[in-house]
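Before any comments, here is the structure.
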Amino acid sequence: MPTIRANDLEVAYEVVGSGPPLVLLHAASSTGRQTYAAQIPALADAFQLFLPDARGHGRTRWDAADGFEAAWLVDDLEAFVDGLGLRTFHLIGYSMGAMTALGFAVRMPERLRTLVVVGITAAREPRARVAGRLMDPERITRDDPGWAAEMALTIDQVQGAGAWQRLLPAVAADIESQPLLTPGELRGITAPTLVVVGDRDPLVPVGQAWELSRQVRDGRLFVAPDSGHDVLTRRPALALEALRGFYRSTETVAAARADALPEDPR
């Protein structure tokens, strides 16, 4: 797996497929390959996929004992795409990755051809309360030993013993305290945007997802039936069809946005 120096990190990433660039941001405790496993083969037929490991995840080394903030993930993404020379690109994020995607879209809206966010809201609750409970290491060790064992392999193997037990509480604490995006900031997101949510998501009520889709400049909403927070794995074919329809319907606008950003004089 290649790495690139970005924001004082060695960011590990995968590249798959060919076509316009599409950056995929994963959820907390996961990797891009895990989060988008069901969608990667089809998306790679139409796009060149870039799947970076967030700090403290996969093979991007970072000890959450040194802190963990959503704003840092936006900084990391900016440095990552700059390092790869991606001036404009498509962006998709799931859960934690969706928060990063929203933050980048607010900061640099002109660089996005399209935006997809899955399982995220601009509100703090119930996301913070539910995440705090779900990401509690004691609860996971007691009630979900399979997940604990998986994270011991996928996180601790690279990050060091006990890393996941430091990472998850740090992510949950950041959700509790991270600055919320304002309606004005969200209105500044100009790229065509698809908001995806499960109809039974305990972290993101459908009403909040609908509100987010209305706050961005050019938004639409897809609600996956019979699905919780795990939309991409619970309803993988349906999620893929929604993505395909979105990219088909925005192809002309995305191409225009790709050409609209002036050349960097540097």
Side-chain angles (χ1 to χ4, degrees), residues 13-27 30-52 77 81 84 86-102 104-105 109-121 189-201 204 206 208-210 212-260:
Y13 66 100
E14 286 190 70
V15 183
V16 184
S18 60
L22 169 59
V23 178
L24 300 93
L25 306 179
H26 61 77
S30 186
T31 65
R33 175 63 64 174
Q34 291 174 302
T35 294
Y36 300 100
Q39 290 78 38
I40 285 173
L43 291 176
D45 285 340
F47 299 95
Q48 185 174 34
L49 310 182
F50 295 86
L51 301 101
L77 174 59
V81 294
L84 292 176
L86 301 179
R87 296 182 63 253
T88 66
F89 52 95
H90 300 269
L91 180 61
I92 178 172
Y94 168 61
S95 198
M96 181 186 77
M99 191 73 250
T100 305
L102 284 176
F104 185 90
E110 71 283 353
R111 294 187 65 174
L112 296 186
R113 303 185 190 185
T114 64
L115 173 66
V116 178
V117 289
V118 184
I120 198 61
T121 170
I189 298 177
T190 55
T193 300
L194 176 64
V195 178
V196 179
V197 67
D199 65 347
R200 303 176 187 179
D201 191 333
V204 183
V206 171
Q208 290 183 2
W210 176 86
L212 176 59
S213 73
R214 301 278 69 81
Q215 287 174 315
V216 299
R217 195 73 61 87
D218 182 16
R220 61 276 285 155
L221 175 67
F222 173 69
V223 180
D226 188 30
S227 182
H229 194 62
D230 53 347
V231 176
L232 299 178
T233 54
R234 174 74 176 176
R235 303 300 301 270
L238 195 59
L240 178 60
E241 189 56 37
L243 291 174
R244 282 172 162 162
F246 171 69
Y247 290 128
R248 282 195 301 267
S249 68
T250 58
E251 187 173 5
T252 300
V253 175
R257 291 180 65 86
D259 296 334

Is a side-chain N or O of Arg111 found less than 3.5 angstrom from the main chain of Leu86, in a donor-acceptor match?
yes
Short side-chain to backbone donor-acceptor contact, Thr233 and Asp230, under 3.5 Å
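A pair under 3.5 Å: yes.
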Pair Thr114-His90, side-chain donor/acceptor within less than 3.5 Å:
yes
Set of salt bridge (charged side-chain N to carboxylate O under 4.0 Å, His left out) partners for Arg200, sequence neighbours left out:
Asp226
Arg257: salt bridge (charged side-chain N to carboxylate O under 4.0 Å, His left out) partners, not counting sequence neighbours:
none
side-chain contact (heavy atoms from CB on, under 4.5 Å) evaluation trace for Leu212 with Leu102
CA-CA 10 Å; Leu212 176 59; Leu102 284 176; 4.2 Å; yes
Just do the side-chain contact (heavy atoms from CB on, under 4.5 Å) check on Phe89 and Leu112 with the steps written out, would you?
CA-CA 5 Å; Phe89 52 95; Leu112 296 186; 3.6 Å; yes
Can you pull out every side-chain hydrogen bond (donor to acceptor under 3.5 Å, both in side chains) where at least one residue sits in residues 36-52? Sequence neighbours excluded, please.
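Listed by first then second residue: nothing to list.
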Drop me the distance from Thr88's OG1 to Asp259's CG, to the nearest 0.5 angstrom.
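Separation between the atoms: 7.5 Å.
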Measure the OG1-NE2 distance between Thr100 and His26 for me, rounded to the nearest 0.5 Å.
9.0 Å
Checking Val15 against Leu84 for the side-chain contact (heavy atoms from CB on, under 4.5 Å) test, could you report, in this order, the C-alpha distance in whole Å, the side-chain angles of both residues, the deciding distance, and whether it holds?
CA-CA 11 Å; Val15 183; Leu84 292 176; over 6 Å; no
Dump the intermediate steps for side-chain contact (heavy atoms from CB on, under 4.5 Å) on Trp210 and Val223, then the final yes or no.
CA-CA 9 Å; Trp210 176 86; Val223 180; over 6 Å; no
Side-chain donor-acceptor contacts of residues 237-256 below 3.5 Å, not counting sequence neighbours, with atom names and distances?
from, atom 1, to, atom 2, distance (Å)
Ser249, OG, Gly245, O, 3.2
Ser249, OG, Phe246, O, 3.0
Thr250, OG1, Phe246, O, 2.8

Using the test ring pair (Phe, Tyr, Trp, His ring centres under 6.0 Å), find all partners of Phe50 that sit at least two apart in sequence or belong to another chain.
none
Return the minimal non-hydrogen interatomic distance between [X] and [Y], and the atom names on each side.
X: Leu115; Y: Ala101; answer: CD1-CB, 3.8 Å
X: Pro236; Y: Ala38; answer: CB-CB, 3.5 Å
X: Leu25; Y: Gly97; answer: CD1-O, 3.5 Å
X: Pro20; Y: Arg113; answer: CB-NH1, 3.6 Å
X: Thr35; Y: Ala27; answer: OG1-N, 3.5 Å

Partner set under side-chain hydrogen bond (donor to acceptor under 3.5 Å, both in side chains) for [X], not counting sequence neighbours:
X: Arg235; answer: none
X: Asp218; answer: Arg220
X: His229; answer: Ser95, Asp201
X: Thr193; answer: none

Side chain proximity check, Leu51 to Ile40, heavy atoms < 4.5 angstrom:
yes
Excluding sequence neighbours, so at least two apart, what forms side chain to side chain contact (heavy atoms under 4.5 Å, CB included) with Ala209?
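Ala209 satisfies side chain to side chain contact (heavy atoms under 4.5 Å, CB included) with Val195, Val197, Val204, Leu221 once adjacent residues are dropped.
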Sequence neighbours excluded, the answer for side chain to side chain contact (heavy atoms under 4.5 Å, CB included) partners of Pro109 is Thr190
